[in-house]
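What follows is one structure encoded as structure tokens, with my remarks underneath.
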Amino acid sequence: MTDFSIEPLAEEALLLRFGDAIDLAINVDVHAAAHALRAAALPGVTDIAPAYASLLVRFDPAVWERADRESSLPDRLLQIVHGRAEPAGTQPRNPGIGRDEQQAARHAASADAATEVPVCYGGAFGPDLEAVAAHAGLSPDAVIARHTAGEYSVAMLGFAPGFPYLLGLDPALQVPRRADPRTRVPAGSVAIGGAQTGIYPRELPGGWNLIGRTPLVLFDPERNPACLLAPGDRVRFRAIDADEFARLTGHSA
Amino acid sequence: MTVEVVKPGLLTTLQDAGRVGFAHLGVGRTGAFDPPALRIANMLCGNPATACGL
């Protein structure tokens, strides 16, 4: 497990800091820690939110103090993340973990099926594909080939409900964000911003480069689960044409 | 029952108790900025604690 520090964020929030880079190995540890903490079901803990290299723990201090006057919450978090607590109950979207959370998380990550996201690239769906290709010194088809060849994982959800920040972008496809962001990015847009890549779950402002669009619905508050992609999920992209896009529009899988 | 808004005020919004436990999905808590104050206001009005407030 990567070393981490615990710092107070607010009177009801702690931040576990594992590093300061966008890095798959660090993010795997963040998710292993999140899973262990979720399984521990600590009293008063209301949110456990992973980011690239850190983990937010929100809690109700009054509930924590009522339940446990002896230990500090940071001490308990340290104990649990360093692997002393066994997971209890089941997490539908997460695998069971053993004593070595890091190894188990990696094993589980390879055992879990990846979610396939169909994408219609270029044209009206990907107005920035040509610019990305030019920046990369590749043809648009080569960009598509590299993008669909990648194996991605959801580092975190944020910015908007269900917006996935994906790890695994081919370094050759990294492109700086646009100098002039759009006030409206269509829902389902697949985009690249610097070393980051993600999918806009609904129409939002955005400064990333749009290379394609998926017909899948990434976030639907009426659906259970509401988010198509959960933190830690594996993702692959598959190129489709406009006809298949029309056929798949509005689907969840 | 009808409701007549006599004077809407400068910026009156409806706020509930918020969405707790969804930060990992990118869903912000939102809701009342001061949840204890909303609970007290609801108690004073005889409302359920999590009723929407103005």
Side-chain angles (χ1 to χ4, degrees), chain A residues 9-15 30-31 33-35 37-38 41-42 44-51 54-63 91 93-94 154-165 198-202 204 218-221 223-233, chain B:
Chain A
L9 262 195
E11 72 267 17
E12 30 58 287
L14 295 166
L15 188 74
V30 170
H31 286 288
H35 186 81
L37 292 178
R38 227 171 248 290
L42 294 170
V45 171
T46 56
D47 279 288
I48 299 170
S54 58
L55 183 62
L56 170 73
V57 176
R58 270 212 204 104
F59 62 101
D60 183 329
V63 174
Q91 294 286 326
R93 300 297 299 274
N94 288 296
V154 180
M156 60 176 285
L157 302 182
F159 169 63
F163 182 107
Y165 286 87
I199 310 171
Y200 289 82
R202 64 174 217 272
L204 288 162
L218 258 70
F219 179 77
D220 178 358
R223 184 180 63 195
N224 188 12
C227 294
L228 181 71
L229 300 175
D233 277 3
Chain B
M1 183 216 286
T2 54
V3 174
E4 182 191 345
V5 177
V6 176
K7 226 176 170 183
L10 200 57
L11 176 64
T12 302
T13 64
L14 292 168
Q15 298 298 339
D16 64 7
R19 279 131 288 287
V20 176
F22 300 101
H24 65 295
L25 301 182
V27 176
R29 181 188 169 136
T30 62
F33 181 74
D34 185 349
L38 175 64
R39 279 200 297 277
I40 291 170
N42 276 326
M43 281 198 284
L44 291 172
C45 295
N47 291 338
T50 54
C52 254
L54 297 173

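Quick caveat: nothing in here was measured; it's all calculated off a predicted structure. Proteins come first, then strands; the chains are lettered A, B, ... in the order of their sequence lines, and each starts at number 1.
- The heavy-atom pair separating Val20(B) from Thr46(A) by the smallest distance is CG1-CB, 3.5 Å.
- The choice from Pro161(A), Ala226(A), Ala49(A) that makes the most heavy-atom pairs within less than 4.5 Å of chain B is Pro161(A).
- The line from CG of Asp47(A) to NE2 of His24(B) is 8.0 Å long, rounded to the nearest 0.5 Å.
- Contacts of Asp220(A) classified as salt bridge (Lys or Arg N to Asp or Glu O under 4.0 Å), with partners at least two apart in sequence or in another chain: none.
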Decide yes or no on side chain to side chain contact (heavy atoms under 4.5 Å, CB included) for Phe219(A) and Val27(B), but give the supporting numbers first. CA-CA 10 Å; Phe219(A) 179 77; Val27(B) 176; 4.3 Å; yes

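- Interface residues of residues 47-54 of chain B toward chain A, defined by a heavy-atom distance below 4.5 Å: none.
- For Asp60(A), there are no side-chain hydrogen bond (donor to acceptor under 3.5 Å, both in side chains) partners two or more places apart in sequence or in a different chain.
- Listed by first then second residue, pairs satisfying side-chain hydrogen bond (donor to acceptor under 3.5 Å, both in side chains) with a partner in residues 26-41 of chain B read Arg19(B)-Thr30(B), not counting sequence neighbours.
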